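Okay, so here's the structure we're looking at.
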Amino acid sequence: MALSPLMILFVLWSAVTTVLIIMLIYRSVLSLKEEDQIFLDKAGEHMAQEQRELVARLIRLSKPITVLGVASGVLLLAIAGVWVYEGLKTF
């Protein structure tokens with residue numbers, strides 16, 4: 001059974017969008033742990049280091065999330081284009 005280009009694009013879009021949603025959920029869970037204010041003293045240095053690591057993780061996640069969002073959008077546009085093309089081909 002041969003898969004149509006539309007089906008292949010749909011499967012790719014589904015996979016990319018699923019990974020994107022998982023990463024967005026992960027980012028929101030991480031951001032729940034982020035503190036808005038930290039009152040530091042020498043004993044709070046450990047907590048400050050944890051916050052710096054958390055912010056670094058959130059920053060590292062921003063680029064893959066952007067790439068996956070753009071890829072999802074491009075694949076969705078490609079699906080629409082192929083669908084319209086196949087629909088016009090039948091006329």
Side-chain angles (χ1 to χ4, degrees):
M1 178 178 157
L3 291 174
S4 71
L6 189 61
M7 229 17 206
I8 292 170
L9 285 173
F10 183 72
V11 169
L12 283 172
W13 175 79
S14 299
V16 168
T17 305
T18 300
V19 172
L20 174 64
I21 290 170
I22 290 169
M23 289 188 78
L24 287 171
I25 291 170
Y26 178 65
R27 183 180 69 178
S28 70
V29 167
L30 283 179
S31 67
L32 288 175
K33 297 177 184 177
E34 186 179 15
E35 298 290 332
D36 290 337
Q37 278 186 332
I38 300 176
F39 299 101
L40 295 177
D41 55 2
K42 289 191 182 227
E45 184 59 35
H46 177 68
M47 191 168 81
Q49 180 61 31
E50 287 177 356
Q51 287 299 309
R52 284 190 289 271
E53 290 170 4
L54 183 64
V55 169
R57 254 192 256 164
L58 289 170
I59 291 170
R60 278 194 313 264
L61 277 176
S62 65
K63 186 173 181 181
I65 287 173
T66 302
V67 169
L68 286 171
V70 168
S72 179
V74 167
L75 285 169
L76 193 59
L77 288 174
I79 289 169
V82 170
W83 181 68
V84 167
Y85 175 74
E86 287 182 1
L88 291 175
K89 218 169 51 170
T90 59
F91 280 122

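Scope of the values below: all heavy atoms of this structure, side chains included, with no hydrogens, waters or symmetry mates. Everything quoted here is computed from the prediction, not taken from an experiment.
For Y85, the side chain to side chain contact (heavy atoms under 4.5 Å, CB included) criterion is met by K89, not counting sequence neighbours. Listed by chain and residue number, V19, L61, P64, I65, L68 satisfy the side chain to side chain contact (heavy atoms under 4.5 Å, CB included) test with M23 (two or more places apart in sequence, or in another chain).
Note that the CG atom of L77 and the CH2 atom of W13 stand 11.5 Å from one another [nearest 0.5 Å]. Taking OG1 of T17 as the start and CD1 of I22 as the end, the distance is 11.0 Å to the nearest 0.5 Å. Distance check: S14 OG to L9 CG gives 10.5 Å after rounding to the nearest 0.5 Å.
Scanning both residues, I8 and L3, for their nearest heavy atoms gives CG1-CB, 3.9 Å. Between I79 and L6, the shortest heavy-atom distance links the atoms O-CD1, 3.5 Å. Taking both residues in full, the closest heavy atoms of A71 and V16 are given as CB-CG1, 4.1 Å, listed atom of the first, atom of the second, then distance.
With hydrogens and angles ignored, the 3.5 Å screen pairs a side-chain donor or acceptor of S31 with a backbone N or O of S28.
Clustering ILVMFWY residues whenever any of their side-chain heavy atoms sit less than 4.5 angstrom apart, transitively, puts L75 in the very cluster that holds V84. L24 is not connected to V29 by any chain of hydrophobic side-chain contacts under 4.5 Å among Ile, Leu, Val, Met, Phe, Trp and Tyr, and they are in different clusters. There is no path of hydrophobic side-chain contacts, each under 4.5 Å, that joins I59 to Y26.
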